[in-house]
Amino acid sequence: MNEEMKIRRRRRIVICILVLLFAIGLAYNEADFIGKKTTSTLQYLEVYSAFLPLLIYIVPFVLIMKQLSDKYEIKGTKLLIAAFSGAFIPAALASQINGSFDDLMKSLMGHSYTEDWLGSLEAGIAEELLKLLTTAMLLYVFRRKSLKDYLMFGMSVGIGFQVEEDLSYITESGFGKLKDAFPTALDRVSSSLGSHWTYAAVTAAGLYLILRSTGRNHKRRGIGWILFVIADHFLYDTPIGDINLFNAILQAAVVIPLIVFFTSPEMKAEERTLLSAGKKE
């Protein structure tokens, strides 16, 4: 078996894993949108109507991604697949892992355990690594190797995760108390700037530095960015993140690196390569 055949075989295996995980995620995520047996159709509609405020960040994100995908010549269908993968693979698995971890800690520590710190740390680690793994598998399947690919696929996986998580928060609160649905939606919108789409993009850039970059100390810097995102995510989920000033700082702290990556010399070089290729055609 030659090397090309081995690569194709490995890609088929990764595709099968992705499809299996996607199917498992579909089964798990269904429960996020189902109320009690006594929930009426009207109540469902009232809760689901609270999804509409999420369009405040979803629509601009889609427009920006359309512009970037045209600029960097990345097919929108592939980014859409990445977004759905983010919603149904890491989001579902993280939910199960987080729940199992909380149950374990409560059984071991009793009432002394709270999710504020230890639970937040576990969630930050689990969610970021699951999103990164999903992004890495998609990049491998689609044979994408440049920094722009890592950033764009990371953003797409992250936004899928973010939307699914926001929807589940809205339904969980709305089916508990209907009046809480819209406040929850607005709260999720207020924290949408420096959320999962930026986390996943920066960790993907970190992975790029580890695997692809040839710069000085690139592997160390790549690991540093991944750990930085996990730390930012952890702090955001703790009581520190409930303080408005620190909330804003933590969101800005993960958005700024993303802007730096998009304006880096390496991205400029990739843009020039694309421009040169377009002129030759």
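The basis for the numbers below is simple: all heavy atoms, side chains too, and nothing from hydrogens, waters or symmetry mates.
You'll find the side chain of W117 reaches within 4.5 Å of the side chain of I240, heavy atoms only. Side chains of F228 and P257 form a contact here, defined as non-hydrogen atoms less than 4.5 Å apart. In this structure, T171 and F51 have side chains that are in contact, with non-hydrogen atoms separated by less than 4.5 Å. Using a 4.5 Å heavy-atom cutoff, the side chains of I210 and I226 are in contact. Between I81 and F142 the shortest side-chain heavy-atom distance falls below 4.5 Å. Counting only heavy atoms from C-beta outward, the side chains of W225 and F261 approach each other to under 4.5 Å. The shortest side-chain heavy-atom distance between I170 and L54 falls under the 4.5 Å cut-off. You'll find the side chain of I223 stays beyond 4.5 Å of the side chain of R220, heavy atoms only.
Closest heavy-atom contact between L258 and T198: CD2-CG2, 3.8 Å.
Residue pairs meeting the salt bridge (Lys or Arg N to Asp or Glu O under 4.0 Å) criterion with at least one member in residues 140-163, sequence neighbours excluded: E4-R143, R144-D149. Applying the side-chain hydrogen bond (donor to acceptor under 3.5 Å, both in side chains) definition to pairs two or more places apart or across chains, those involving residues 241-252 are Y236-N247, N247-Q251. Sorted by first and then second residue, the side-chain hydrogen bond (donor to acceptor under 3.5 Å, both in side chains) pairs involving residues 91-104 (not counting sequence neighbours) are N98-E127, D102-Y113. Within the structure, every pair that satisfies the salt bridge (Lys or Arg N to Asp or Glu O under 4.0 Å) test and touches residues 186-213, not counting sequence neighbours, is listed here: E165-R188, D166-R188.
Partners of T238 according to the side-chain hydrogen bond (donor to acceptor under 3.5 Å, both in side chains) rule, which considers only residues two or more places apart in sequence or in another chain, do not exist here. The salt bridge (Lys or Arg N to Asp or Glu O under 4.0 Å) test applied to K106 returns no partner, not counting sequence neighbours.
Between Y199 and H196, the two ring planes are perpendicular [angle over 60°; tilted spans 30° to 60°].
Between the OG1 atom in T203 and the CD1 atom in I230 there is a gap of 8.5 Å [rounded to 0.5 Å]. Taken to the nearest 0.5 Å, the CD1 atom of I159 stands 6.5 Å off from the CD1 atom of I58. To the nearest 0.5 angstrom, F84 atom CZ is 10.0 Å from L26 atom CG. Taken to the nearest 0.5 Å, the OG atom of S69 stands 11.0 Å off from the CG atom of L80. We find the NZ-CG distance between K131 and L93 to be 13.0 Å, quoted to the nearest 0.5 Å.
No close placement of the F88 and Y28 rings is indicated, their centers lying 6.0 Å or farther apart.
At most 12 heavy atoms of other shown residues, nucleotides or ligands fall within 6.0 angstrom of atom CZ in R8. Open room surrounds CD on E172; 12 or fewer heavy atoms of other groups in view lie less than 6.0 Å from it. Around the CZ atom of F262, the shell of radius 6.0 Å holds more than 12 heavy atoms that belong to other residues, nucleotides or ligands. Annotation: F246, atom CZ; neighbour count of heavy atoms from other residues, nucleotides and ligands within 6.0 Å does not exceed 12.
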Check the pair F22, T134 against side-chain contact (heavy atoms from CB on, under 4.5 Å), reporting the backbone distance first and the verdict last.
CA-CA 10 Å; F22 194 95; T134 303; over 6 Å; no
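Each of F153, F61, Y57, F161 was compared with W197 under the ring pair (Phe, Tyr, Trp, His ring centres under 6.0 Å) criterion, and only F61 meets it.
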